[in-house]
Amino acid sequence: MKEWTKEERYRVLKDPQELWGMHEEISKSDYRQKFHVQPVTGLLNDPNGFVWHDNKWHLFYQWCPWGAVHGLKYWYHVVSKDLISWTNLGVCIMPDREYDNKGAYSGSAMPIGDSLYLYYTGNHRDEDWTRRAYTCLAKLKDDGWVEKYPLPLFGPHDGYTEHQRDPKILYRKETGKYYILLGAQSKDHWGRVIVYESEDLLHGWNFAGELTVPGFEQFGDMWECPSIERIGGRDVLIFCPQHLKIAGRGDSTNHNGYILGDMDWEKLVFTPLGQFHVLDFGFDSYAAECANNVQDEDKAVLVAWMGLPDSSYPTDEENWSGCLTLPRELQVRGRRLIQQPLPALKQLRDMEINLNDYQIGDVAWLPRVCEIALYCRPGDLDLNLFTKADGTGGLHISYNEQTSEIKVDRSEMDNRFNQDQGEVRVRYLEDGLTHLRVFIDRSSVEIFVNDGDAVFTSRVFPTEAEENFMIHGEAFVRMWSLQTAVKDTLVV
Ligand code: FRU
């Protein structure tokens with residue numbers, strides 16, 4: 001694995017031409033995605049500034065151009081009309097000021113008039129590498145012009161450690177105020193959310209206090225990317241508690257999850273209704289962000305980084321890493337969130353694969369970019385993807401009727417990675433297994449169970465020999481090859 005020097009990681013991108021050769025090589029990779037947002041070169045991590053504005057969806061991602069390494073971060077901009085096809089627009093926020101000299105870190109967007117206001121963390125480091133995190137503002141006009149505010153909105157709060165970041169901008173009708181939520185770390189190293197408020201988006205931001213979340217005072221040592229969404233008459237606190245072990249998730253200490261509850265914006269108390277749930281039961285999902293202005297009160301749209309901090313992936317060697325998940329529709333059902341693929345995804349279907357002759361237990365060819373729908377009858381089920389011609393190996397999805405558990409196991413793939421984080425994920429299904437929808441891109445699998453009851457999102461890097469599937473159990477299966485929805489064009 002390449003060792004990066006600080007100079008290499010924090011090198012400033014001066015001319016897009018510096019990336020031409022690298023992008024040309026990367027675009028030949030067998031693992032380049034066909035319908036997921038992915039970096040033109042280098043590393044992609046969190047989605048940022050997800051919003052509907054000027055007749056399109058805007059989405060940005062954390063981008064480090066030079067390779068699969070966390071270094072100097074830019075905001076890279078992509079747009080879409082339908083959340084399915086995406087166009088690269090290039091860099092939007094550059095870390096070119098003293099206050100963001102070591103990165104334009106994560107944040108969110110608010111549309112006003114003909115502009116998007118982008119709230120982000122300026123990751124400043126001084127010569128002795130001491131970090132100060134500033135909450136900064138940039139305005140993106142509809143004609144593409146980006147104007148940074150000369151000074152940050154505010155600096156770090158003395159009551160917390162250097163870890164204060166990821167502004168989520170919100171407006172609440174009930175108080176008539178704007179709020180910025182920041183992920184933070186208390187001085188005794190517990191994860192917190194701190195809140196700033198103002199009546200004006202641009203000025204007068206004051207520290208309003210710390211969010212009280214009874215029962216979660218000692219739950220991870222830093223909370224990254226917090227937000228509070230209002231979905232189906234409930235408040236949902238979504239965040240990434242760090243350095244916390246969760247049963248069934250291997251040695252992984254980075255999780256993205258949520259708590260349903262009720263938010264009191266006057267008192268800044270979030271009263272949980274139940275426990276912390278992970279958002280995604282798969283291996284690779286983090287830093288999810290909900291679009292800021294979805295009008296439907298019962299639904300939200302969420303997208304996440306299909307990757308994890310402190311992890312490496314087989315494409316690191318090819319100088320790129322990470323992609324975004326498919327956007328998903330979120331709804332509240334009972335005391336949980338359910339996540340469904342967007343209805344418009346059906347437009348991506350290209351050809352239906354004829355499975356009339358497929359007999360349960362056969363090994364058959366699996367298209368590399370496809371959707372599978374399985375309608376399951378009672379009983380155990382095995383869906384093995386990416387098996388070899390003799391049916392061995394691959395990614396195993398299995399349901400055990402006796403325990404009512406669905407299991408995803410990637411330990412038999414040829415390319416194994418992040419093994420310390422566990423290679424098996426299990427989820428108990430209250431109502432048994434009725435339905436699976438699986439989206440396979442060239443290096444990812446997203447499994448939606450029972451219409452959104454659970455989702456397993458994972459990167460996979462199949463070799464040439466891993467090109468088949470096999471089903472055991474009683475199920476009716478349909479399969480479609482899918483069209484390309486992202487163009488691998490280098491726009492910087
Ligand atoms: C989460 C995160 C954020 C930070 C960003 C930097 O993955 O660590 O807290 O703003 O990534 O890229």
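Both ligands and their constituent atoms are indexed starting at 1 by order of listing.
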S.K.: For ligand 1 and Lys73, I'd like to know whether there is a polar contact (N/O to N/O, distance under 3.5 Å).
M.R.: yes

S.K.: Please identify which atoms of ligand 1 are closer than 4.0 Å to at least one heavy atom of Ser106.
M.R.: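 Near Ser106, the atoms of ligand 1 are 5 (C), 10 (O).
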
S.K.: Less than 3.5 Å apart, any donor N or O on the side chain of Thr457 or Asp280 sitting next to an acceptor on the other?
M.R.: yes

S.K.: Are any side-chain N or O atoms of Arg427 and backbone N or O atoms of Ile406, one a donor and one an acceptor, separated by less than 3.5 Å?
M.R.: no

S.K.: Counting N and O atoms only, with roles assigned by atom type, does the side chain of Tyr119 sit under 3.5 Å from a partner on the main chain of Lys168, one being a donor and the other an acceptor?
M.R.: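 Judged by distance alone, no pair lies under 3.5 Å.
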
S.K.: Tell me the protein heavy atom at minimum distance from atom 4 (C) of ligand 1, and give that distance in Å.
M.R.: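 For atom 4 (C) of ligand 1, the nearest protein heavy atom comes out as Asp166 OD1, 3.4 Å.
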
S.K.: Cut-off 3.5 Å, side chains only: do Glu210 and Tyr160 have a donor facing an acceptor?
M.R.: yes

S.K.: Among protein heavy atoms, which lies nearest atom 8 (O) of ligand 1, and at what distance?
M.R.: Glu224 OE2, 2.8 Å

S.K.: Only one of Trp223, Phe239, Tyr258 forms a ring-ring contact (aromatic ring centres under 6.0 Å, His included) with Phe276, so which one is it?
M.R.: Phe239

S.K.: Parallel, tilted or perpendicular: which fits the ring planes of Trp57 and Phe50, with parallel below 30° and perpendicular above 60°?
M.R.: tilted

S.K.: Would you say Trp305 has any N or O atom under 3.5 Å from an N or O of ligand 1, going by distance alone?
M.R.: no

S.K.: As an exercise, identify every atom of ligand 1 less than 4.0 angstrom from a heavy atom of Asn45.
M.R.: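 In order of number, 5 (C), 6 (C), 7 (O), 11 (O), 12 (O).
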
S.K.: So is Thr121 touching ligand 1 or not, going by heavy atoms under 4.0 Å?
M.R.: no

S.K.: Of all the atoms in ligand 1, which lie at a distance below 4.0 Å from a heavy atom belonging to Tyr286?
M.R.: 1 (C), 7 (O)

S.K.: In ligand 1, which numbered atoms sit nearer than 4.0 Å to a non-hydrogen atom of Gln62?
M.R.: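 Contacts of ligand 1 toward Gln62, numbered from 1: 5 (C), 6 (C), 12 (O).
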
S.K.: Between Asp251 and Gln421, is any side-chain donor less than 3.5 angstrom from a side-chain acceptor?
M.R.: no

S.K.: Report the nearest protein non-hydrogen atom to atom 1 (C) of ligand 1: residue, atom name, distance rounded to 0.1 Å.
M.R.: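 Residue, atom and distance for the closest contact: Asp46 OD2, 3.0 Å.
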
